[in-house]
There are 2 protein chains.
Amino acid sequence: MKLITRDTDYALRALCSIAQSKAPVTSVSALVQELQIPRPFLRKILQCLNKEGLLVSYKGKGGGFSLSLHPDKIYLLDLISIFQGDLKLNECVFKKQVCPNKARCPLSKKLALIEEQTVSVLKDVTVQSLVNENQRPEYKV
Amino acid sequence: MKLITRDTDYALRALCSIAQSKAPVTSVSALVQELQIPRPFLRKILQCLNKEGLLVSYKGKGGGFSLSLHPDKIYLLDLISIFQGDLKLNECVFKKQVCPNKARCPLSKKLALIEEQTVSVLKDVTVQSLVNENQRPEYKV
DNA sequence: TGCATATGATACCATTATGGTATCATTTGT
DNA sequence: ACAAATGATACCATAATGGTATCATATGCA
Ligand code: FES
Ligand code: FES
């Protein structure tokens with residue numbers, strides 16, 4: 001079971017990379033160079049992030065992307081939401097015949113608890129928390 | 001993100017149904033009748049559970065399946081393991097260039113924590129815990 | 001003994017999600 | 001004007017999921 005899919009992953013890496021860049025804008029080429037992500041796929045992802053308001057784009061020569069939010073305000077949970085939809089673990093195990101009394105269903109309760117715990121753990125993972133902090137070299141890849 | 005896939009779900013329902021049955025063996029026909037699961041798919045699942053040692057099968061007229069373990073010893077986690085493989089949330093976000101220092105990666109730690117919590121919540125979900133207990137009608141479906 | 005009824009084994013198929021390409025249009029610095 | 005960048009969009013390949021189809025084998029019973 002993948003909690004984080006490829007596009008979310010790539011988006012996260014790209015955002016971290018842009019956040020760490022000294023230049024005011026970062027081009028796709030620079031990111032491809034650094035992250036080794038397939039160029040057209042990365043472009044699609046960045047365009048999406050732009051539409052979602054996480055990036056600002058600059059067209060034309062010397063163009064590229066820059067963050068439109070402080071790295072502290074870019075949450076992994078938002079990326080997951082964008083690329084994978086809302087984190088819903090399981091609506092109900094009994095798909096067709098829905099539980100007559102969901103509130104009393106023990107499994108349903110446990111799934112809800114797991115979801116809650118998961119969100120709680122992920123909620124303070126931001127781009128900021130992944131870069132620079134203690135100079136973690138792994139996130140500069 | 002689905003924590004529980006269709007076959008795991010169906011297997012769980014079937015096992016609960018067999019556990020609740022008064023008869024010594026339960027036929028596929030009876031289960032199809034009760035659970036409204038596509039017959040050939042259910043057969044495949046039951047054959048799998050038989051191979052895995054969770055069910056005993058009886059061929060021929062009047063045949064069917066019965067539990068080979070006490071419902072208390074049939075864990076949802078085992079079903080998940082059988083049908084979905086081991087519950088690994090994410091080996092590593094950076095797929096190709098693996099972290100030079102995994103132990104220091106904050107995201108990796110969080111994913112491990114989530115996995116741990118998830119297992120911890122699920123580990124006492126057994127067939128027994130889902131049937132009869134307080135006569136929950138929803139699990140008799 | 002023979003047959004209906006049940007599971008065992010296995011191969012195949014349809015749909016969807018994921019991961020990725022390809023192409024052309026538009027903007028912009030020089 | 002032109003090269004260098006992104007915007008938009010349609011398409012494609014692979015794998016996972018969910019499901020079928022078919023034939024072989026075992027068994028209870030008339
Ligand atoms: S099975 Fe639907 S909520 Fe319990
Ligand atoms: S990114 Fe691989 S363990 Fe942190």
Side-chain angles (χ1 to χ4, degrees), chain A residues 1-14 18 23-33 35-66 68 79-80 82-85 88 90 93 95-96, chain B residues 1-14 18 23-33 35-66 68 79-80 82-85 88 90 93 95-96:
Chain A
M1 192 191 74
K2 268 182 296 191
L3 188 55
I4 294 173
T5 56
R6 207 87 157 220
D7 35 17
T8 304
D9 174 1
Y10 286 169
L12 182 62
R13 294 168 67 171
I18 295 170
V25 307
T26 308
S27 70
V28 171
S29 297
L31 291 170
V32 165
Q33 182 86 0
L35 303 172
Q36 318 245 43
I37 293 170
R39 188 191 184 86
F41 193 28
L42 180 58
R43 294 226 308 133
K44 191 164 79 169
I45 289 166
L46 294 175
Q47 282 173 17
C48 179
L49 291 175
N50 177 39
K51 268 191 204 154
E52 295 287 337
L54 300 187
L55 289 175
V56 185
S57 76
Y58 303 91
K59 282 176 155 190
K61 201 167 183 177
F65 298 87
S66 65
S68 61
L79 298 180
I80 290 177
I82 289 170
F83 294 104
Q84 311 174 216
K88 277 268 154 241
N90 261 100
V93 187
K95 271 110 186 171
K96 294 184 180 169
Chain B
M1 192 191 74
K2 267 184 296 191
L3 188 55
I4 294 174
T5 56
R6 208 86 157 220
D7 34 18
T8 304
D9 173 1
Y10 286 169
L12 183 61
R13 295 168 67 172
I18 294 171
V25 307
T26 309
S27 70
V28 171
S29 297
L31 291 170
V32 166
Q33 182 85 1
L35 303 171
Q36 318 246 43
I37 294 170
R39 187 191 184 87
F41 193 29
L42 180 57
R43 295 223 312 130
K44 190 163 81 169
I45 289 166
L46 294 175
Q47 282 174 17
C48 179
L49 292 176
N50 177 39
K51 269 191 203 153
E52 295 287 336
L54 300 187
L55 288 177
V56 184
S57 76
Y58 303 92
K59 283 177 154 190
K61 201 168 183 177
F65 297 86
S66 65
S68 62
L79 298 180
I80 290 177
I82 289 170
F83 293 105
Q84 310 175 220
K88 277 269 154 242
N90 259 101
V93 187
K95 270 107 184 172
K96 293 184 181 169

**Q.** Nearest-0.5 Å distance that lies between atom CG in A:L42 and atom CD in A:Q47
**A.** 10.0 Å

Q.
Distance check needed: D:dT17 C1' versus B:I37 CD1, whole Å only.
A. 16 Å

(Q) Distance check needed: C:dT18 C1' versus B:K2 NZ, whole Å only. (A) 13 Å

Q | Residues in contact with DNA chain D, drawn from residues 43-54 of chain A - heavy-atom cutoff 4.0 Å | A | A:R43, A:Q47, A:N50, A:K51

(Q) Let me confirm one number: the CG-CD1 distance from B:L12 to B:I45, rounded to the nearest 0.5 Å. (A) 11.0 Å

**Q.** Short side-chain N/O contact from B:Y58 to OP1 or OP2 of C:dT5, under 4.0 Å
**A.** no

Q | Any donor-acceptor N/O pair, A:S68 side chain to A:L54 backbone, under 3.5 Å | A | yes

Q | Nucleotide C:dA14, atom P - distance to CZ of B:R6 in whole Å | A | 18 Å

Q.
Working to the nearest 0.5 angstrom, can you tell me the gap between A:I82 CD1 and A:E52 CD?
A. 4.0 Å

Q | Spacing of A:R39 atom CZ relative to D:dT6 atom C1', expressed in whole Å | A | 10 Å

Q: May I ask you to say what B:S27 touches in the nucleic acid, namely base, sugar-phosphate or nothing, with a heavy-atom cut-off under 4.0 Å?
A: sugar-phosphate

Q | Divergence of helical axes at both termini of the helix from C:dT1-D:dA30 to C:dT30-D:dA1 - five pairs an end, 10° steps | A | 10°

Q) Within the structure shown, what part of the strands sits under 4.0 Å from A:G63 by heavy-atom distance: base, sugar-phosphate, or nothing? A) sugar-phosphate

Q. Starting at NZ of B:K61 and ending at P of D:dG28, how long is that distance when rounded to a whole Å?
A. 11 Å

Q. With A:S27, which residues qualify under side chain to side chain contact (heavy atoms under 4.5 Å, CB included), at least two apart?
A. A:S29, A:A30

Q) Roughly, in whole Å, what's the span from CG in A:L42 to P in C:dT21? A) 11 Å

(Q) Any side-chain to backbone donor/acceptor pair from A:Q84 onto A:D7? Under 3.5 Å, distance only. (A) no

Q | Among C:dG19, D:dT27, D:dT6, the one nearest A:V28 by side-chain distance | A | D:dT6

Q) Just wondering, do B:L31 and B:I37 contact through their side chains at under 4.5 Å, heavy atoms? A) no

Q | Closest to side chain of A:P38, choosing from C:dG20, C:dG8, C:dA22 | A | C:dG20

Q) Below 4.5 Å, heavy atoms only, C-beta onward: do B:L79 and B:L49 meet side chain to side chain? A) yes

Q) From B:Y10 OH over to B:I4 CD1, what is the distance, rounded to the nearest 0.5 angstrom? A) 13.5 Å

Q) Rounded to whole angstrom units, what separation is found between the CE atom of A:M1 and the C1' atom of D:dT17? A) 16 Å

Q: For A:L35 and C:dG20, give me the distance from atom CG to atom P, rounded to whole Å.
A: 13 Å

Q) Looking only at side-chain N and O atoms, does B:S57 come under 4.0 Å of OP1 or OP2 in C:dA6? A) no

**Q.** Toward the 5' end of DNA chain D, by each residue's nearest nucleotide, A:T26 or B:G62
**A.** A:T26

Q | Spatial distance of atom OG1 (B:T5) from atom CE (A:M1) [nearest 0.5 Å] | A | 11.0 Å

